[in-house]
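Please read all numbers here as calculations on a predicted model, not as lab measurements. Excluded from the calculations below are hydrogen atoms, water molecules and symmetry mates; all remaining heavy atoms, backbone and side chain alike, are included.
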Amino acid sequence: MTLRTLEAFWLSCPSSPVPPSQGRSGPSAKHTSIAFLKTHKTASSTVQNILFRFAERNNLTVALPITTCDHQFCYPRPFSAHFVHPHTTPPDIITNHLRFSRAELRRLMPNNTIYITILREPGAMFESLFTYFNQYCLSFKRVPNGSLETFLEHPWSYYRPEEKDSMYARNTLTFDLGGDKDRPTSEALAYAKRFAAEMERVFSLVMIAEYFDESLVLLRRLLSWDLDDVLYVSLNMRTADSKSSLSSENIAKIRAWNAIDSVLYDYFNASLWRKLRALGPACVEREVQLLRQSRDRLVRSCFGGHLPPLRSAAQITNKELRPWQPSSKVEIVGYDLPVNMTQKGHVPPRDECLKMIMPEVQYTRMLLRSESLRYRKRFPLRSSQQTARSVGQVRAHKESPAPSLNPRPLETMARSTKGALRLSQ
């Protein structure tokens with residue numbers, strides 16, 4: 001965005017409708033202490049990617065899980081500061097999956113940390129959860145023919161609250177936020193209203209997946225970031241044939257089964273639109289258009305004109321760009337680099353471009369390697385002692401399923417299109 005465009009834009013738009021953060025060095029200083037609660041199946045991987053890239057550009061430390069937790073903070077256990085790899089402390093940003101614990105996060109993060117999360121319409125979210133975790137969550141796995149409609153007819157015939165992974169089968173948003181997903185029906189509505197009000201006191205912004213770009217307008221203003229800081233491409237998507245269309249009757253059943261999540265979504269959807277109205281519809285629409293235009297320019301700059309083609313994991317040659325597949329029953333697509341980017345004589349995209357399309361698991365491990373290297377250079381004697389101590393604290397934890405990943409750094413990819421990390425279609 002040119003300076004002239006920025007000046008015209010700011011003259012026509014009011015200041016942020018959300019309270020400014022505490023501890024900033026000035027009104028235009030970018031805020032860098034951020035806790036993003038990454039919820040499930042809500043476009044949260046795309047937000048995480050934005051935060052990862054911002055952290056790297058600004059030389060910030062991202063809190064990352066110890067190796068026994070893999071790429072999540074030992075989810076679904078309630079978050080503990082002991083789950084954070086010692087080489088990634090003290091952190092500026094935390095964004096990997098965790099079950100929210102305000103007390104533990106306050107122990108870990110700076111006092112001026114801004115808390116953010118994202119929610120999704122319960123019907124669409126539950127359909128995605130049912131498909132994505134069909135082979136892991138027993139409540140879904142025991143349903144005949146893997147039928148969502150059958151589950152919704154008699155959910156208590158299949159759901160067991162105490163089972164492993166039961167959090168994917170009911171009120172997942174509530175569980176991720178640290179709440180009680182199985183509050184009795186007679187108490188659910190009153191509990192949901194209290195819980196929503198409590199979460200509003202903690203989170204400065206609750207984004208809504210259905211209004212992702214509008215949410216980014218508020219996020220950018222809340223953090224005093226530049227427009228370029230919130231550019232993105234969508235990640236962790238299913239193929240069209242993996243999605244099921246929902247009737248209004250089934251949506252109503254999903255909302256009734258996930259009653260607490262439904263109250264949370266409606267509460268924060270209304271909150272989002274109050275903040276957007278405070279900015280003014282014309283102002284929001286103008287900034288959304290600028291965001292999309294800037295994103296298109298970045299894509300053209302990165303990949304020679306168009307976004308790389310979406311491919312199934314099996315079709316993506318490079319493991320560093322291959323998304324994790326939850327099961328054979330659902331296909332998660334990722335980005336493959338265009339042919340003209342991989343032919344002899346063509347320069348591969350720069351790191352920033354590659355990281356925009358890098359899946360969560362690979363990016364997390366790459367960041368851990370780079371942050372550990374930086375930590376070891378600063379504290380050569382301390383690092384081995386701390387790592388051994390933190391691993392011992394969670395030795396009994398069982399690892400969740402994860403793909404086998406190539407441990408070599410991304411920089412190898414960007415230097416050459418030949419060899420074991422060939423970027424080919």
Practice problem: Show your reasoning for whether salt bridge (Lys or Arg N to Asp or Glu O under 4.0 Å) applies to D229 and R53. | Solution: CA-CA 8 Å; D229 292 324; R53 288 182 288 118; over 6 Å; no

Self-check item: Rounded distance (nearest 0.5 Å) linking atom CG of L222 with atom CD1 of I34
Solution: 8.5 Å

Quiz prompt | D226/K30 salt bridge by N-O under 4.0 Å criterion | solution = yes

Quiz prompt | Donor-acceptor pair, side chain of W257 and main chain of A169, under 3.5 angstrom | solution = yes

Exercise. Quickly, which of D180, D182, D165 forms a salt bridge (Lys or Arg N to Asp or Glu O under 4.0 Å) with R170? Name it, please.
Key: D182

Self-check item: N96 side chain to L64 backbone, donor-acceptor under 3.5 Å
Solution: no

Quiz item: Does NZ or CZ of K41 fall inside the cone over Y132's six-membered ring, less than 6.0 Å from its centre and within 45° of the axis?
Solution: yes

Quiz prompt | Derivation and outcome, side-chain contact (heavy atoms from CB on, under 4.5 Å), residues I114 and S33 | solution = CA-CA 6 Å; I114 287 181; S33 300; over 6 Å; no

Self-check item: 4.5 Å side-chain heavy-atom contact, L108 and V84
Solution: yes

Quiz item: If every non-hydrogen atom of I94 is compared with every non-hydrogen atom of L105, which pair is closest and at what distance?
Solution: CD1-CD2, 3.9 Å

Quiz item: Which heavy atom in C137 sits nearest to a heavy atom in S166, and how many Å separate them?
Solution: SG-CA, 4.5 Å

Practice problem: Assess whether side-chain contact (heavy atoms from CB on, under 4.5 Å) is satisfied between F52 and V62, documenting all intermediate values. | Solution: CA-CA 8 Å; F52 277 170; V62 180; 3.8 Å; yes

Exercise. Please lay out, stage by stage, how T42 and L173 fare under the test side-chain contact (heavy atoms from CB on, under 4.5 Å).
Key: CA-CA 9 Å; T42 59; L173 291 173; 4.1 Å; yes

Practice problem: For the residue pair T117 and F268, establish whether any side-chain heavy-atom pair is separated by less than 4.5 Å. | Solution: no

Practice problem: Check whether any side-chain N or O of D213 sits under 3.5 Å from a backbone N or O of V288 as a donor-acceptor pair, and report yes or no. | Solution: no

Self-check item: Donor-acceptor side-chain pairing of S372 and R369 below 3.5 angstrom
Solution: no

Quiz prompt | Proximity of F126 and F140 rings by center, below 6.0 Å | solution = yes

Practice problem: May I ask you to check whether F212 and Y232 place their ring centers less than 6.0 Å from one another? | Solution: yes

Exercise. Verify, without hydrogens or angle tests, whether N49 (side chain) and I357 (backbone) share a donor-acceptor contact under 3.5 angstrom.
Key: no

Practice problem: May I ask you to say whether R365 pairs ionically with D70, meaning some side-chain N is under 4.0 Å from a carboxylate O? | Solution: yes

Quiz item: Which atoms form the tightest heavy-atom contact between R322 and I316, and what is the distance?
Solution: NH2-O, 2.8 Å

Quiz item: When you measure from the side chain of S370 to the backbone N and O of L367, does any donor-acceptor pair fall under 3.5 Å?
Solution: yes

Quiz item: In Å, rounded to the nearest 0.5 Å, how long is the span from CG of L321 to CG of L354?
Solution: 6.5 Å

Quiz item: Judged by modelled atom types alone, do R374 and T61 share a side-chain donor-acceptor pair under 3.5 Å?
Solution: yes

Quiz item: Centres of the F73 and F83 rings: under 6.0 Å?
Solution: no

Practice problem: Can you see which heavy atom on M207 is nearest to which on V47, and at what distance? | Solution: CE-CG2, 4.1 Å

Practice problem: Using distance alone, with no hydrogens and no angle criterion, decide if K38 and S45 have a side-chain donor and acceptor under 3.5 Å apart. | Solution: yes

Exercise. Taking all heavy atoms of S139 and all of R160, pick out the closest pair and write down the distance.
Key: OG-N, 3.5 Å

Quiz item: Atom CG of L51 and atom CD1 of I93: how far apart are they, to the nearest 0.5 Å?
Solution: 5.5 Å

Exercise. Just do the salt bridge (Lys or Arg N to Asp or Glu O under 4.0 Å) check on D228 and R295 with the steps written out, would you?
Key: CA-CA 8 Å; D228 288 348; R295 182 181 60 202; over 6 Å; no

Quiz item: Does the ring center of H97 lie less than 6.0 Å from the ring center of H40?
Solution: yes

Practice problem: Could you tell me which residues satisfy salt bridge (charged side-chain N to carboxylate O under 4.0 Å, His left out) with R107, sequence neighbours excluded, listed by chain and number? | Solution: E104

Quiz item: Does a side-chain heavy-atom distance below 4.5 Å link F100 with V202?
Solution: yes

Exercise. May I ask you to decide if Y211's main-chain N or O and S215's side chain share a donor-acceptor pair within less than 3.5 Å?
Key: yes

Quiz item: Near R57 CZ, under 6.0 Å, is it more than 12 heavy atoms from other residues, nucleotides or ligands?
Solution: yes

Quiz item: Roughly how far, to the nearest 0.5 Å, is the CD atom of Q72 from the CD atom of E360?
Solution: 7.0 Å

Exercise. Take L373 and H87, measure what side-chain contact (heavy atoms from CB on, under 4.5 Å) needs, and give me the verdict at the end.
Key: CA-CA 9 Å; L373 180 62; H87 294 179; over 6 Å; no

Quiz prompt | Validation row: H71, P65 side chains within 4.5 angstrom (heavy atoms) | solution = no

Quiz item: Tell me, do F54 and T32 make a side-chain contact under 4.5 Å, heavy atoms counted?
Solution: yes

Quiz item: Is a side-chain N or O of R311 found less than 3.5 angstrom from the main chain of Y335, in a donor-acceptor match?
Solution: no

Self-check item: R99 charged N/C atom sitting above Y75 aromatic ring, 6.0 Å / 45°
Solution: no

Self-check item: Distance, nearest 0.5 Å, that separates NZ of K141 from CD of E163
Solution: 11.5 Å

Exercise. Would you check if L37 and I116 make a side-chain contact, meaning some heavy-atom pair closer than 4.5 Å?
Key: no

Exercise. Please tell me if the side chains of I251 and E121 come closer than 4.5 Å, counting only heavy atoms from C-beta onward.
Key: yes

Quiz item: Is it the case that T174 and D261 place a side-chain donor and acceptor less than 3.5 Å from each other?
Solution: yes

Quiz prompt | Pair Q48, Y363: side-chain N/O donor-acceptor within cut-off below 3.5 Å | solution = no

Quiz item: Do T131 side-chain atoms and E127 backbone N/O form a donor-acceptor pair below 3.5 Å?
Solution: yes

Exercise. Check whether any side-chain N or O of S294 sits under 3.5 Å from a backbone N or O of L290 as a donor-acceptor pair, and report yes or no.
Key: yes

Exercise. Search all heavy atoms of V284 against all heavy atoms of V217 and return the closest pair with its distance.
Key: O-CG2, 4.4 Å

Exercise. Without swapping roles, check the side chain of T89 against the backbone of P86 for a donor-acceptor pair under 3.5 Å.
Key: yes

Quiz item: Between R120 and S44, is a side chain to side chain donor-acceptor pair (under 3.5 Å) present by the stated rule, with each step listed?
Solution: CA-CA 10 Å; R120 183 182 179 188; S44 62; over 6 Å; no

Quiz item: Roughly how far, to the nearest 0.5 Å, is CZ of F36 from CD1 of I50?
Solution: 9.0 Å

Quiz item: Got H31 and S224 here, is their nearest side-chain heavy-atom distance under 4.5 Å?
Solution: no

